[in-house]
Amino acid sequence: MKFVSGLAAMLTAAVLATPGVAQDYPERAVEFIVPWSPGGGSDTLMRLVSANIEPHLGVEMPIINMPGVGGTVGLREASRRTADGYTISQVHEGLLMATLTGLTELTWDSFEPIALMTASPQFLIAQPTENYANFEEFVEYAKAHPNELTMGVTLGGLPHLFAAMIEQSYDLKFKYVGYEGTGERVRAIVGGNLDVAIGDVASSIEFSKNGDLVFLAAGSGDRHPALPDVPTFREKGQDLLLTVTRGIVMPKGAPAAARDAMEAALQKLSQDATYVEQTNNVGSQVTFMGQDEYRSYLSNLNDTVKSLAEVIIQ
């Protein structure tokens, strides 16, 4: 009996000492790899998570921007990190597009989905010009000048899909220009180097207030409260819903204890009045789903994106 008892104690100690088994998680800061450039929608919204999570998680969550190749460089790095719960990253529909277009072999199932956090409607934004002052004039001008207007997208990514859907719906032809993230596209418009792009409130509204860009149409079901004067595509004759949902993932094989603790902290954050207000103020909505629901959501979303991806896969 003493031998069995001693053996059990040794095995228990060995398990507790095994790397990857979370004890009293978290005991140190959790690194947050954001696979996009500073200034874009993902960066803005994930910085709000980072800035507000400590009271709920107990540790800091420093942001590491790691852009490149349609968001896949940072995700590849995240997938290679030790699966101990101390690295997280962010995914949205762009990863599903990158997988389907062959940009990466990574899939949403290459990670452990932890929680969906936000949903953000996308907009058609433009450089101020005398050629068109509203969406109707834009469509008229674009039809009269096929392949002339430069459209900023992440080539092969979700913005490319959204732009192609606009193009197809209104019988337009754009000249596509590739940019890594929303922040880069917005800066190109503000700098006068791009005609139109797919953008969001988080990255664009301050420039709009300054008169450096204009919102032409919204991809939301109803007019956005932050931009009540901007019509929806639905109002303009096409049933287009252009939305980006952003969620948190861990490297594959992360311990259940770490996943559960992070999920619980993110759920508490989703109910934090300050965080909710800040998220709303940058034009997004807090839309929480836990691990199981988020995994199911990603699986179903993958089927939907796969059907839509044919728009840009030639």
Side-chain angles (χ1 to χ4, degrees), residues 36-37 39-41 67 69-71 93-94 97-98 101 103 121-220 224 227 229-244 308-314:
W36 298 98
S37 303
V69 195
E93 289 85 347
M97 280 297 303
T101 56
L103 198 61
Q122 302 297 288
F123 294 77
L124 178 64
I125 60 175
Q127 178 188 159
T129 174
E130 295 179 354
N131 295 325
Y132 40 85
N134 53 48
F135 184 73
E136 292 88 346
E137 292 179 3
F138 162 76
V139 171
E140 183 180 353
Y141 184 87
K143 282 185 176 180
H145 299 82
N147 294 307
E148 179 181 309
L149 292 177
T150 52
M151 165 66 81
V153 300
T154 302
L155 292 173
L158 194 61
H160 193 172
L161 174 64
F162 287 161
M165 290 167 66
I166 296 170
E167 194 177 46
Q168 185 181 69
S169 296
Y170 295 96
D171 192 25
L172 309 177
K173 291 292 182 182
F174 301 131
K175 180 180 179 180
Y176 287 105
V177 183
Y179 293 89
E180 260 309 308
T182 310
E184 289 187 13
R185 296 194 297 274
V186 171
R187 288 191 290 273
I189 282 185
V190 172
N193 300 314
L194 189 62
D195 294 315
V196 291
I198 303 300
D200 56 23
V201 172
S203 60
S204 308
I205 194 166
E206 292 304 319
F207 293 107
S208 173
K209 291 176 181 178
N210 295 335
D212 294 322
L213 62 76
V214 295
F215 286 85
L216 293 177
S220 49
H224 197 283
L227 296 162
D229 295 329
V230 179
T232 67
F233 291 109
R234 281 182 168 179
E235 290 178 61
K236 299 305 174 183
Q238 298 294 330
D239 192 20
L240 292 181
L241 288 176
L242 314 181
T243 303
V244 175
L308 293 173
E310 296 176 2
V311 174
I312 65 171
I313 299 175
Q314 303 298 325

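- For the residue pair Val186 and Ser204, the shortest heavy atom distance occurs at CG2-OG, 3.5 Å.
- No more than 12 heavy-atom neighbours from other residues, nucleotides or ligands sit within 6.0 angstrom of CD on Glu140.
- Of all heavy-atom pairs spanning Ser203 and Gly41, the tightest one is CB-N, 4.1 Å.
- Shortest non-hydrogen contact noted between Trp36 and Gly181 is CE3-CA, 3.9 Å.
- Asp200 places a side-chain heavy atom less than 4.5 Å from the side chain of Thr182.
- Atom-to-atom distance recorded for His224:NE2 and Phe123:CZ is 5.0 Å, nearest 0.5 angstrom.
- Side-chain N or O atoms of Arg185 include one that pairs as donor or acceptor with a backbone N or O of Ile198 at under 3.5 Å.
- Glu93 CD to Leu161 CG: the interatomic distance, rounded to the nearest 0.5 Å, is 9.5 Å.
- Of the inter-residue distances, the one linking Leu194 atom CG with Leu149 atom CG reads 10.0 Å to the nearest 0.5 angstrom.
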Quick one: do Glu235 and Val230 satisfy side chain to side chain contact (heavy atoms under 4.5 Å, CB included)? Show the steps, please.
CA-CA 10 Å; Glu235 290 178 61; Val230 179; over 6 Å; no
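- The shortest distance between side-chain heavy atoms of Ile189 and Phe207 does not fall below 4.5 Å.
- Contact record, Ser220 with Leu241: C-CD2, 3.7 Å, taken as the closest heavy-atom pair.
- Taking both residues in full, the closest heavy atoms of Ala126 and Tyr132 are given as CB-CE1, 4.2 Å, listed atom of the first, atom of the second, then distance.
- Remark: Tyr179 OH to Thr154 OG1 distance equals 11.0 Å, nearest 0.5 Å.
- The shortest non-hydrogen separation linking Met165 to Leu242 is CE-CD2, 4.0 Å.
- Note that CG of Asn193 is 12.0 Å distant from CD of Glu184, once rounded to the nearest 0.5 Å.
- In this structure, Thr150 contributes its side chain and Asp195 its backbone to a donor-acceptor pair below 3.5 Å.
- Note: Lys236 NZ to Leu216 CG = 11.0 Å, rounded to the nearest 0.5 Å.
- Note on residues 156-172: pairs passing side chain to side chain donor-acceptor pair (under 3.5 Å), not counting sequence neighbours, are Glu167-Tyr176.
- Contact annotation: the side chain of Leu172 approaches that of Lys143 to within less than 4.5 Å [non-hydrogen atoms, C-beta and beyond].
- Thr232 places no side-chain N or O within donor-acceptor distance of the main-chain N or O of Gly219, the cut-off being under 3.5 Å.
- Side chain of Glu180 to backbone of Val69: a donor-acceptor contact under 3.5 angstrom is found.
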